[in-house]
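Numbered from 1 within each chain, the chains take letters A, B, ... in sequence-line order.
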Amino acid sequence: MSDTNPDFTADLERVITRAMPGIASIANLKRLSGGASQETWSFDGAGSTGTTPLILRRAPGGKTVPRSGNAVALATEAKVIKLAANANIPVPLVHYVLQDGDDLGPGYIMGRVEGETIARKILRDAEYAEARPKLARQCGAILAAIHAIDCSHLPELNIATAEDQLASYRALYDSYDHPHPVFEVAFKWLELRLPKVESPTLLHGDFRNGNLMIGPDGVRAVLDWELVHIGDPAEDLGWICVNSWRFGETKKIVGGFGDVADLLAGYAQAGGTGMTAERVKFWEIFGTLKWGIMCMTMYQAFAQSGDRTVERATIGRRSSETEIDLINLLYPKAAAP
Amino acid sequence: MMDQPSAIELIMAVREFIEKHAIPQLQGHTAFHARVAANALAIVERELDQGAQANADEHARLTHLLGQAGTLAELNKELCRRIRSNAISWDDPTLVRHLRQATLAKVAIDQPKYSGLLNSTHTG
């Protein structure tokens with residue numbers, strides 16, 4: 001990934017040196033990942049204050065395109081990260097939000113937090129052995145803090161209840177016209193148990209392994225806020241319990257590193273109210289179905305939209321992992337050995 | 001009748017070439033995609049080995065459960081329609097047994113080492 005054309009490098013350097021007075025030049029610019037909804041670039045700012053590790057997140061190719069699915073605008077993402085920082089939630093520091101005259105497209109520049117996001121390493125490497133038992137409680141506390149953020153001045157955020165989301169995933173699943181009887185029973189089970197939420201809150205929307213920067217000391221930063229929305233706070237707690245994020249550490253329900261009791265204890269200790277294992281379970285089951293349908297969606301990107309990578313093609317065959325998880329969740333007695 | 005090697009053996013040869021010879025010479029994203037490619041071939045090997053029997057078993061169970069004939073795809077669509085319309089309850093024991101068996105057979109092909117499969121049982 002080295003489409004570092006001279007114009008882009010020069011534009012970024014011009015913007016960053018103007019926005020951050022301590023920086024005179026940039027170095028080590030490299031693209032970390034690219035998706036349909038954003039590009040992520042890593043670089044260092046150099047100047048009188050030394051070296052500043054930085055990240056640029058911007059629209060693909062710097063072009064303003066409608067972001068996929070439920071993603072918010074990059075400027076909204078930056079606003080929410082700033083609110084999270086004010087609430088003492090571990091997040092990268094947002095240094096600058098790109099403006100129209102910058103010629104870099106929509107996006108923002110933030111600090112680069114060192115650490116590990118790869119779940120297999122976090123769950124297995126000795127380096128994280130002391131962090132692991134603390135993570136579920138920390139995640140609970142962080143989520144309580146996110147859910148307490150006042151977002152009344154951010155009218156651009158979508159409200160998405162369980163009912164809304166179930167209907168939109170149903171429409172998506174129906175549009176693929178490929179029968180999954182296990183998804184049908186999951187829809188049925190969820191439709192019969194739709195939660196009534198008195199006071200919807202701000203949600204991270206994608207709080208799971210991969211989006212958490214972890215160090216030997218624990219959670220260092222919560223990343224990837226593009227799916228932020230307003231809804232049932234239990235949604236965030238349930239999503240990190242989906243078995244697919246446990247990477248084989250299946251007995252540790254929370255992200256493969258912890259127990260639901262610790263997640264709930266951390267949540268309550270940090271001021272979160274009314275959360276129960278039952279509410280979390282609803283969203284774990286919802287999240288499992290959601291990931292199963294997302295696997296179908298990624299296959300569609302291969303079949304319909306010309307994203308002809310072997311990864312896109314193969315991920316369709318991960319729908320079945322969510323089906324066995326749904327069976328284990330929906331019919332727990334029958335699953336007992 | 002096709003000559004030897006069988007389709008499974010041909011795919012196995014390609015997968016082993018990717019794993020033992022190509023991947024050690026690749027880096028970064030390309031190495032990652034090569035591992036995904038080898039994994040995709042392993043799925044096809046298992047499907048060639050187990051798929052026909054799994055589909056035949058599923059077809060027989062669906063014919064019995066639904067009391068009608070049809071292709072595997074037609075019967076699965078009919079099952080979905082009946083679950084959705086509550087003609088079959090989501091917790092009907094015969095349905096649950098069928099769903100478990102069909103899903104176990106699928107995961108055994110797609111991801112035989114998946115934790116959720118190991119958690120489940122082969123009874124029922």
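- Every ring pair (Phe, Tyr, Trp, His ring centres under 6.0 Å) that A/Phe207 has, sequence neighbours left out, goes to A/His204.
- Not a single donor-acceptor pair under 3.5 Å links the side chain of A/Trp283 to the backbone N or O of A/Leu237.
- Of the atoms belonging to B/Ile43, it is side-chain heavy atoms, and not backbone ones, that fall under 4.5 Å from chain A.
- Using modelled atom types, one finds a donor on one side chain and an acceptor on the other under 3.5 Å when comparing A/Asp164 with A/Thr161.
- Looking at B/Ala102, neither its backbone nor its side chain comes within 4.5 Å of chain A, counting heavy atoms on both sides.
- Contact annotation for B/Glu47: only side-chain heavy atoms (C-beta onward) come within less than 4.5 Å of a heavy atom of chain A.
- For A/Glu114, there are no side chain to side chain donor-acceptor pair (under 3.5 Å) partners, not counting sequence neighbours.
- Of the listed residues A/Glu321, A/Arg318, A/Lys188, A/Glu311, the one with more heavy-atom pairs under 4.5 angstrom with chain B than any other is A/Glu321.
- Using non-hydrogen atoms only and a strict 4.5 Å limit, no part of residues 50-71 of chain B faces chain A.
- With a threshold of 4.5 angstrom between heavy atoms, B/Leu99 approaches chain A through its backbone and through its side chain.
- Taking the six-membered ring for Trp and thresholds of 30 and 60 degrees, A/Tyr173 and A/Phe183 have ring planes more than 60 degrees apart, a perpendicular arrangement.
- Between chain A and the options B/Gln111, B/Arg84, B/Arg82, the largest number of non-hydrogen pairs under 4.5 Å is found for B/Arg84.
- Only the side chain of A/Thr309 comes within contact range of chain B, with heavy atoms under 4.5 Å apart.
- Side-chain polar atoms of A/Thr250 and A/Asn243 form a donor-acceptor pair below 3.5 angstrom.
- For the set A/Glu249, A/Arg246, A/Glu191, A/His180, the entry with the most heavy-atom pairs within less than 4.5 Å of chain B is A/His180.
- There is no contact between B/Ile88 and chain A, counting heavy-atom distances below 4.5 Å.
- Contact of A/Ile315 with chain B is not made at all, since no heavy-atom distance falls under 4.5 Å.
- By the 30° and 60° cut-offs, the orientation of the rings of B/His29 relative to B/Phe32 is perpendicular.
- In this structure, B/Arg100 is not positioned above the aromatic face of A/Tyr331 in the sense of NZ or CZ being under 6.0 Å from the six-membered ring centre and within 45° of the axis.
- Residues satisfying the salt bridge (charged side-chain N to carboxylate O under 4.0 Å, His left out) criterion with B/Arg81, sequence neighbours excluded, are B/Glu78.
- Highest contact tally toward chain B, considering only A/Val310, A/Leu330, A/Thr322, is held by A/Val310 [criterion: heavy-atom pairs under 4.5 Å].
- Of the N and O atoms on the side chains of A/Ser320 and B/Asp110, at least one donor lies less than 3.5 Å from an acceptor on the other residue.
- Judged by a 6.0 Å distance limit and a 45° cone about the ring axis, A/Arg312 is not positioned over the six-membered ring of A/Tyr299.
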